[in-house]
Q: 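I have a structure here, written as structure tokens, and I will follow up with some questions on it.
In what follows, chains carry the letters A, B, and so on, assigned in the order in which the sequence lines appear, proteins first and then strands, with residues in each chain numbered from 1.
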Amino acid sequence: MIQTQKKSKNDLAAKVTGNTRYLHDMNLPGQLVGGTFRSPYPHARITRLDVSKARAVKGVAAVLTAEDVPHLEFGPTKYKDWNILAKDKVLFIGDEIAVVAAETREAVDKALSLIEVEFEQLPAIFDPEDSLQEDAVEIHPGVERNRPMHVLVNRGDMDQAKQEAHIVRSGRYHSNRIYQGHMEPVGVLASWSDEEGLTLWAASHIPYRARETYAAGFGLPEDKVRIIVPPIGGSFGSKYVLKLHVTSAALSMKTGRPVKMILDRSEDMLTAHPRVPLTYDIEIGAAADGTFLYKELTVYGDAGARIYWSPNVLATACTRTDCIYNFGAIKAEGHLCYTNSSPTTCMRGFGNAETLFAVESVIDELALGLGMDPADLRMKNIVKQGETTVHGYKLDTCNLDLCIDKAKEISGWERRNELPANRGLGMALANHVSGFRAIDPRFDGSTAIMRINLDGELEIETGEIELGQGMSVTYARIAAQILGIPEGGIIVKSGDTGRYPFGIGTLASRSTVMGGNAVMKASQEMQRQIQALATQVHGEGAEFRDGQVHSDGKAFTLKDISAWYRARHAGEEFKVKETYVPDTEMPDATYFGNPSPNYPFAAHVAEVEVDPDTGRTRMIGYWAVHDSGTIIHETMAKGQVIGAVAQGIGWVLMEDFQVEEGVVRNPSMMDYRMPGAHDIPHVDIAFIQEPDPNGPMGAKSLGEVALDPVPGAIANAIAHATGKRGTRLPLSAERVWNMLQS
Amino acid sequence: MHEHQLNLTINGCENKVSGDVTQPLADVIREKLGLTGTKIGCRTGECGACTVLIDGKPVVSCLVPAASAEGHDVVTIEELSQKDDFQRLVQSMLETGGVQCGFCTPGIMVTLWAWLQDRSLFGGDISSALKNNLCRCTGYQSIIAAVEQVIAEEGGTRI
Ligand code: FES
Ligand code: FES
């Protein structure tokens with residue numbers, strides 16, 4: 001007899017036993033292999049392109065060039081500068097010129113090797129400040145000074161503040177390119193049919209925006225594009241919208257067959273869209289008692305050759321940290337610059353973690369100048385519960401003060417002045433959003449559908465995406481607590497634009513609060529409807545509690561309830577659909593508004609030891625205290641914090657995605673070293689759990705705010721240990737050693 | 001191409017596979033035998049996602065030419081996950097939060113299992129045992145906690 005295997009219903013158990021099918025484990029009948037012919041030059045005109053020999057290779061089904069694809073205006077942001085394949089100019093090394101689909105990998109490689117192309121090289125720019133020069137070569141026609149976006153923010157009386165300042169600290173800080181380091185390489189499986197339109201199996205955590213972008217690229221209605229999201233093997237920002245998805249779609253449309261492309265690690269790295277590098281000129285002034293009077297900031301962002309998500313990174317970099325401290329007068333100018341490097345994009349904590357590296361470093365310099373404890377200087381200037389920040393964020397809950405106190409307590413901050421030689425303790429704070437109103441002008445909430453299956457299981461459908469952060473188990477827990485049923489009986493489904501409700505997706509730390517609120521609303525509505533149904537079936541005495549209907553001493557399960565409903569509704573399933581629309585405000589042209597339902601905060605402390613002979617930093621300890629409201633799933637929440645701290649440690653001490661003149665110098669995991677088990681110290685975590693009125697069960701976000709303070713905390717610890725201030729990430733052994741010699 | 005017939009013992013079954021003798025064992029496991037629990041993160045021996053056991057020792061199967069596995073006992077995550085005492089490790093990983101995106105996890109589970117069987121491997125220390133396995137999500141702490149929990153449940157009897 002066949003027994004169905006009893007498997008746990010959440011995604012995690014399958015992952016541990018190797019049962020999860022990721023994209024690269026999937027295949028379709030008749031599927032072709034795809035490959036890409038890319039520009040070897042950072043900026044060049046294509047003077048000749050001949051693919052006839054490639055097309056003649058046995059087993060090749062299609063070779064596409066710019067002549068074979070539409071050229072419509074499209075792109076994932078309002079800056080529509082994408083193409084499907086390069087027409088007459090290439091803008092960076094790796095820019096797509098032609099794509100091949102064939103029966104075998106060998107045929108693809110052979111065809112790629114037979115493509116004939118000639119170029120006329122053009123001057124190229126790699127430094128954002130160079131691209132702003134009047135005489136710089138034009139990268140995109142009509143974009144003045146190669147600057148697609150220019151941010152200007154002014155609040156308060158800067159002149160007055162500068163006159164009053166007793167102490168000023170300033171500097172030029174630089175945050176580097178970081179490879180997101182997703183363990184699963186980027187890939188896609190595309191299938192076109194005239195009836196169904198385009199179906200993409202693609203690990204995008206923002207699939208609805210990807211759908212909109214890709215549909216525009218082909219001039220298709222959005223509902224002719226369906227994105228099915230298999231389990232995602234890590235993203236951290238890298239797997240959002242990708243050209244690979246578009247070119248494979250074009251190949252499938254041309255051939256009428258499914259096309260699969262999985263990048264190998266070196267192609268993934270050579271064509272990667274890393275964290276946006278940002279350069280800061282920053283100055284903060286304070287009164288003699290340490291009260292901040294002003295902050296002035298100029299930011300240069302390297303967008304690379306096309307716009308992925310860099311405008312949002314720049315806007316965040318220019319504004320977000322002003323909602324942690326009351327700086328007084330604020331001035332920020334941001335330049336987003338095109339260069340001839342591979343486009344840069346989002347990575348966890350984008351814009352905020354980078355600016356915090358600069359801000360938190362300067363604050364420690366101020367504390368040093370004032371002879372104050374850096375924790376006290378912070379405490380004096382932080383935002384408080386009930387305040388509306390200078391950019392309009394409404395802080396219904398803010399326990400940053402408690403976070404600082406707790407971080408001092410658990411890290412033994414009072415040891416700071418008595419540490420052994422070469423040891424240092426550094427603190428940094430952070431804030432974040434839980435979703436962001438400006439991501440999609442139409443909507444920033446979330447919808448959940450909840451149904452009771454025939455066998456009494458509860459299913460939840462959401463438009464948000466599981467990235468391994470624990471979204472599914474979190475939603476299951478919310479529903480379980482409201483309905484009084486075991487978490488194990490709940491299945492959370494997501495990741496198919498053709499089946500599940502519209503969603504914005506997982507970015508801006510939105511899944512717990514936005515999707516969680518929708519699940520909470522759906523659970524409450526389900527509870528109300530079950531009670532109403534119970535009354536209808538068993539009379540006034542019937543009561544729904546603890547997941548069962550109780551009536552006349554009898555208990556009825558969800559299975560019974562499902563049957564009652566179906567019997568009364570033409571066999572239809574018992575289902576509710578609820579939408580959460582947060583009470584947020586779209587930021588205006590000056591970036592003023594209340595863009596998130598709530599705001600998480602954190603205080604982190606890092607302890608390091610720096611070897612004076614080598615400059616090498618060893619992590620001694622790490623303490624992370626978070627105000628993320630109620631913690632719904634503590635195990636997964638801690639996992640978010642530790643994972644983020646590990647990524648931050650990698651960023652500050654070891655990782656540097658080196659791109660010289662547009663060429664990636666370290667395109668392997670050997671040369672781009674990410675932290676291993678030995679590189680991470682024990683991370684001590686504490687949560688300050690005051691429920692937030694706008695969070696589901698009182699929760700605020702956590703995934704990104706846990707990374708935001710890490711660069712600042714470690715940089716401050718190194719400065720404390722060495723007496724020297726590092727201003728350029730990473731603070732690698734070589735850099736610190738050089739600093740020590742200076 | 002050196003087309004050849006190979007006899008491979010994988011998860012206790014004899015398999016005859018044909019193909020290039022230099023093809024990586026990982027590809028044979030995944031593509032010829034359909035055992036997709038073994039993952040490919042790099043193909044260059046740097047990530048550990050493709051870890052399998054060869055004669056009980058964890059090995060990155062992307063670097064092993066299939067032919068050199070002939071005559072050896074290859075075990076993948078699919079086989080391990082059928083074992084009763086493997087479930088304790090599974091349960092611990094779920095309880096401590098040792099898994100997030102899960103892409104590294106099968107490789108890590110194979111390594112952890114091997115180390116739990118023979119703790120003299122890798123100098124006796126669990127974070128050293130993990131030196132060939134990268135995880136970008138978890139920061140390793142909860143993975144190590146999972147192993148410690150298994151050991152604690154055993155009462156330390158098998159060290
Ligand atoms: S795939 Fe074998 S070590 Fe990465
Ligand atoms: S769980 Fe994602 S890489 Fe380890």
Q: For A/Val683, is it the side chain, the backbone, both, or neither that has a heavy atom closer than 4.5 Å to a heavy atom of chain B?
A: both
Q: Hey, does the side chain of A/Glu487 reach the backbone of A/Arg477 with a donor-acceptor pair shorter than 3.5 angstrom?
A: no
Q: Kindly indicate whether the side chain of A/Pro681, heavy atoms from C-beta on, has any atom under 4.5 Å from the side chain of A/Ile649.
A: yes
Q: Using heavy-atom distances under 4.5 Å, tell me whether B/Glu95 contacts chain A through its side chain, its backbone, both, or neither.
A: backbone
Q: Heavy-atom distances under 4.5 Å only: say whether A/Thr17 touches chain B with side chain, backbone, both or neither.
A: both
Q: Any salt bridge linking A/Glu106 with A/Lys110? Criterion: basic side-chain nitrogen under 4.0 Å from a carboxylate oxygen.
A: no
Q: Using heavy-atom distances under 4.5 Å, tell me whether A/Ser668 contacts chain B through its side chain, its backbone, both, or neither.
A: both
Q: Which residues in residues 64-77 of chain B have a heavy atom less than 4.5 Å from any heavy atom of chain A?
A: B/Ile77
Q: Indicate whether any N or O donor in one side chain lies under 3.5 Å from an N or O acceptor in the other, for B/Ser128 and A/His678.
A: yes
Q: I need the residue from A/Ala646, A/Gly234, A/Pro185 with the largest number of non-hydrogen atom pairs under 4.5 Å to chain B.
A: A/Pro185
Q: Say whether, by atom type as modelled, one donor and one acceptor occur between the side chain of A/Lys239 and the main chain of A/Ala202 under 3.5 angstrom.
A: no
Q: Applying a criterion of heavy atom separation less than 4.5 Å, what residues of residues 35-57 of chain B form contacts with chain A?
A: B/Thr36, B/Gly37, B/Lys39, B/Ile40, B/Gly41, B/Cys42, B/Glu46, B/Cys47
Q: Identify which part of A/Ile680 has an atom lying under 4.5 Å from any heavy atom of chain B, answering side chain, backbone, both or neither.
A: side chain
Q: Given heavy-atom pairs under 4.5 angstrom as the criterion, report whether the side chain, backbone, both or neither of A/His682 touches chain B.
A: both
Q: Any donor-acceptor pair under 3.5 Å linking the side-chain atoms of A/Glu704 with those of A/Ser509?
A: yes
Q: Ignoring hydrogens and angles, write down the donor-acceptor pairs under 3.5 Å from the side chains of residues 96-105 of chain B, residues two or more places apart or on other chains.
A:
{"unit_1": "B/Thr96", "atom_1": "OG1", "unit_2": "B/Ser92", "atom_2": "O", "d": "3.0"}
{"unit_1": "B/Thr96", "atom_1": "OG1", "unit_2": "B/Ser142", "atom_2": "O", "d": "2.8"}
{"unit_1": "B/Gln100", "atom_1": "OE1", "unit_2": "A/Gln640", "atom_2": "NE2", "d": "3.2"}
{"unit_1": "B/Gln100", "atom_1": "NE2", "unit_2": "A/Gly639", "atom_2": "O", "d": "3.0"}
{"unit_1": "B/Gln100", "atom_1": "NE2", "unit_2": "B/Cys137", "atom_2": "O", "d": "3.3"}
{"unit_1": "B/Thr105", "atom_1": "OG1", "unit_2": "B/Gly102", "atom_2": "O", "d": "3.3"}

Q: Would B/Asn11 and B/Cys13 satisfy side chain to side chain contact (heavy atoms under 4.5 Å, CB included), going step by step from the backbone distance to the final call?
A: CA-CA 6 Å; B/Asn11 298 337; B/Cys13 296; 5.6 Å; no
Q: For the interface with chain B, which of A/Glu466, A/Arg21, A/Arg673, A/Met636 has the highest count of heavy-atom pairs at distances below 4.5 Å?
A: A/Arg21
Q: Do A/Arg265 side-chain atoms and A/Met183 backbone N/O form a donor-acceptor pair below 3.5 Å?
A: yes
Q: Counting N and O atoms only, with roles assigned by atom type, does the side chain of A/Tyr240 sit under 3.5 Å from a partner on the main chain of A/Ser235, one being a donor and the other an acceptor?
A: no
Q: Just by distance, do the side chain of A/Ser628 and the backbone of A/Ser701 share a donor-acceptor pair under 3.5 Å?
A: yes
Q: Measuring heavy-atom distances to chain B, does A/Met670 have an atom under 4.5 Å in its side chain, in its backbone, in both, or in neither?
A: both
Q: Does A/Arg348 make a cation-pi contact with A/Trp651 (under 6.0 Å, within 45 degrees of the axis)?
A: no
Q: Pick one: which of A/Asp656, A/Asn666, A/Asp268 meets side-chain hydrogen bond (donor to acceptor under 3.5 Å, both in side chains) with A/Tyr179?
A: A/Asp268
Q: Among B/Val90, B/Val110, B/Leu130, B/Leu89, single out the residue with the greatest number of heavy-atom pairs under 4.5 Å to chain A.
A: B/Val90
Q: Any non-hydrogen side-chain atom of A/Gln647 less than 4.5 Å from a side-chain atom of A/Ile178?
A: no
Q: Among B/Arg30, B/Glu31, B/Met93, which residue forms the greatest number of heavy-atom pairs with chain A at distances under 4.5 Å?
A: B/Arg30
Q: Mind running ring pair (Phe, Tyr, Trp, His ring centres under 6.0 Å) on A/His604 and A/Tyr622 for me, showing each step along the way?
A: CA-CA 7 Å; A/His604 284 196; A/Tyr622 203 95; 5.3 Å; yes
Q: May I have all residue pairs that pass salt bridge (Lys or Arg N to Asp or Glu O under 4.0 Å) and include part of residues 121-139 of chain B, sequence neighbours excluded?
A: A/Glu655-B/Arg136
Q: At a 4.5 Å cut-off on heavy atoms, which part of A/Pro675 comes close to chain B: side chain, backbone, both, or neither?
A: both
Q: Is A/Ile642 close to chain B through its backbone or its side chain, or both, or neither, when contacts mean heavy atoms under 4.5 Å?
A: both
